Amino acid sequence: MGAESAVGVLHRKALAAAPEEERQELRARLAEEHRRTAGGLRRAVALGVVDEVIAPETTRFRLADALARAPRARGGHTNIPL
């Protein structure tokens, strides 16, 4: 999620309370503050919060591959007697 989108979620009440003519300036200021504090995608990768960045066109293949590699059985889960 980009800084602008994150600001829209995190600060939606502040943005809604701001007058219309000041809203864009407030959004830009909050987005810049978010970039400074959160650091964006590159910082998340450097910190290890994000393991890998996957290109959108390969997402379906990567997801199918991960599911195919997952163990078939997860244990003896059964219905409980009623």
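As the structure is a computational prediction, the values presented were derived from the model and not from experiment. The chain is numbered in sequence order, starting from 1.
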Interatomic distance, Glu22 atom CD to Arg29 atom CZ [nearest 0.5 angstrom]: 9.5 Å

Rounded to the nearest 0.5 Å, what separates atom CG in Leu30 from atom CG in Leu15? 6.0 Å

To check you understand the geometry: which heavy-atom pair defines the closest contact between Leu26 and Ala18, and what is its length? CD2-CB, 3.8 Å

Scanning both residues in full, the closest heavy-atom pair of Ala3 with Ala31 reads CB-O, 3.7 Å

If you count heavy atoms of other groups shown closer than 6.0 angstrom to CZ of Arg62, is the number above 12? no

Please indicate whether Glu57 has more than 12 foreign heavy atoms, meaning atoms of other residues, nucleotides or ligands, lying under 6.0 Å from its CD. yes

List the steps, then state whether salt bridge (Lys or Arg N to Asp or Glu O under 4.0 Å) holds for Arg35 with Glu32. CA-CA 5 Å; Arg35 279 188 203 94; Glu32 184 56 38; 3.4 Å; yes

Check whether any side-chain N or O of Thr58 sits under 3.5 Å from a backbone N or O of Ile54 as a donor-acceptor pair, and report yes or no. no

Counting distance only, does the side-chain N/O of Arg69 pair as donor-acceptor with the main-chain N or O of Ala64 below 3.5 Å? no

Before giving the answer on side chain to side chain contact (heavy atoms under 4.5 Å, CB included), spell out for His34 and Leu10 the whole-Å C-alpha distance, their side-chain angles and the decisive distance to 0.1 Å. CA-CA 10 Å; His34 183 76; Leu10 297 172; 4.1 Å; yes

